[in-house]
Amino acid sequence: MASGIHGDVTSALGARIAAGEIAPGSVLTLAQLEREYDASRTVVREAVRVLESIGVVASRRRVGITVQPREQWEANSPQLIEWNLQGPFRQQQLEALMELRVAVEPTAAMLAASRATHAQRAELRRLADRLRALSAAGRGASDEFLQADVEFHALLLRASGNPQLEALCGPVREVLTGRSRLGMTPETPAAGTVEEHEAVAEAIAAGDGDAAERRSREHMRAVRAEIRADGSLG
């Protein structure tokens, strides 16, 4: 993860590219970026390196820095997801991530029912209880609710025991955090939301993979419907 002035240039340039302000096929130069961002050659090179690492640009001697087609970008990069959520592709990004979650989180829940440790089962139930308490207090849009929600879903993926599923923790965190930043999380969660977290946690605690998968799928589909509705209103 880039930090400091490197991170500033990386984020500024990455957000512009993600928003389409700098189109695929555009060719940039280090000198041009130095002038534009009033940054040193070292800082600009580091920013370009980060963007190259997620497929956004490709750098070649005597050619320059070329913005790559969107289909070549690392779609699950948390940085890219954050940039997309800031720009005109926000709705497409939210829907794409929810389609992914509908596909994988129910499977993670099913696996967790047989693979989760005792500590993980207990923690999922604790987090579900925390979400209920915050919801009852009308704090569904609070940072505390967001943190508990992120922790719940990240733990669900880890408890699956599948490293490929666990690798999706970053994208899931970004979409949950992004919705909160965008003011799309209500003070009182939609009916059934908290109950679905509890049902998934209880099914995993009981070792019931079929129930865990079914309840997780119901939850994911409900959230996807919310996001689609938000988009139609936008």
Side-chain angles (χ1 to χ4, degrees), residues 1-3 5-37 39 43-105 150 153-154 157 163-184 220-221 223-234:
M1 179 70 70
S3 60
I5 191 168
H6 293 165
D8 292 341
V9 175
T10 303
S11 294
L13 182 56
R16 289 178 63 202
I17 294 173
E21 293 177 22
I22 305 175
S26 299
V27 179
L28 311 171
T29 67
L30 291 174
Q32 171 190 349
L33 295 174
E34 288 175 49
R35 290 193 301 271
E36 190 166 348
Y37 292 102
V43 167
V44 170
R45 282 189 187 277
E46 175 62 18
V48 170
R49 185 194 66 77
V50 173
L51 294 174
E52 280 189 292
S53 73
I54 56 178
V56 172
V57 302
S59 182
R60 284 185 172 183
R61 288 174 62 88
R62 298 199 178 103
V63 174
I65 303 152
T66 305
V67 178
Q68 298 299 289
R70 295 187 76 93
E71 58 267 22
Q72 294 183 22
W73 301 357
E74 178 52 61
N76 286 333
S77 162
Q79 284 176 298
L80 181 56
I81 291 169
E82 180 181 358
W83 297 332
N84 280 333
L85 291 175
Q86 294 171 1
F89 293 96
R90 178 184 75 184
Q91 188 64 26
Q92 292 96 316
Q93 180 67 86
L94 287 169
E95 291 187 13
L97 280 169
M98 278 314 306
E99 289 167 1
L100 176 65
R101 293 183 67 195
V102 169
V104 303
E105 283 203 39
V150 168
H153 290 285
L157 292 169
Q164 304 305 124
L165 294 177
E166 184 175 350
L168 297 173
C169 287
V172 169
R173 178 182 62 251
E174 285 302 323
V175 72
L176 290 172
T177 303
R179 286 192 74 201
S180 179
R181 287 199 205 103
L182 294 167
M184 298 171 68
M220 290 297 101
R221 285 176 171 170
V223 176
R224 181 176 63 179
E226 287 179 31
I227 286 175
R228 285 177 172 173
D230 287 335
S232 67
L233 293 173

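It should be emphasised that the depicted structure is a prediction, and the values quoted were computed from it without experimental measurement. Heads up: numbering here begins at 1 and tracks the sequence.
- Put simply, the side chain of V56 does not reach to within 4.5 Å of the side chain of Q79, judged on heavy atoms.
- The minimum heavy-atom distance linking V102 with R221 is given by the pair CG2-N, 4.2 Å.
- No side-chain heavy atom of R179 sits under 4.5 Å from any side-chain heavy atom of L97.
- A12 approaches Y37 most closely through the heavy-atom pair CB-CE2, 3.7 Å.
- Note that the CG atom of L80 and the CD atom of E74 stand 8.5 Å from one another [nearest 0.5 Å].
- L28 places none of its side-chain heavy atoms less than 4.5 Å from the side chain of V57.
- Taking CE of M220 as the reference point, atom CE of M98 lies at 5.0 Å (rounded to 0.5 Å).
- The two residues P69 and P24 come nearest to each other via the heavy atoms CA-CB, 4.0 Å.
- Looking at R49 and E52, no side-chain N of the basic residue comes within less than 4.0 Å of a carboxylate O on the acidic one, giving no salt bridge.
- E36 pairs by the side-chain hydrogen bond (donor to acceptor under 3.5 Å, both in side chains) definition with R16, not counting sequence neighbours.
- When all heavy atoms are compared, the tightest approach of V48 to S59 is CG1-CB, 4.3 Å.
- We find the CZ-NE2 distance between R173 and H153 to be 14.0 Å, quoted to the nearest 0.5 Å.
- Side-chain atoms of Q91 come within 3.5 Å of backbone N or O of I227 as a donor-acceptor pair.
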message = Could you walk me through whether V44 and L13 satisfy the side chain to side chain contact (heavy atoms under 4.5 Å, CB included) test, starting with their C-alpha distance in whole Å, then the side-chain angles of each, then the deciding distance to 0.1 Å, before giving a yes or no?
response = CA-CA 10 Å; V44 170; L13 182 56; over 6 Å; no
Criterion side chain to side chain contact (heavy atoms under 4.5 Å, CB included) on E105 and V223, from CA distance to verdict = CA-CA 12 Å; E105 283 203 39; V223 176; over 6 Å; no
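- Taken to the nearest 0.5 Å, the CG atom of L33 stands 5.0 Å off from the CD1 atom of I65.
- The CD1 atom of I81 sits 5.5 Å away from the CG atom of N76 when rounded to the nearest 0.5 Å.
- No side-chain heavy atom of L85 sits less than 4.5 Å from a side-chain heavy atom of R181.
- Of all heavy-atom pairs spanning W83 and A18, the tightest one is CB-CB, 3.8 Å.
- Among all heavy-atom pairs drawn from G14 and L51, the shortest one is CA-CD2, 4.0 Å.
- We find the CG-CG distance between L165 and L157 to be 6.5 Å, quoted to the nearest 0.5 Å.
- Side chain of T177 to main chain of E174: no donor-acceptor pair is present (N/O by atom type, distance under 3.5 Å, no hydrogens or angles).
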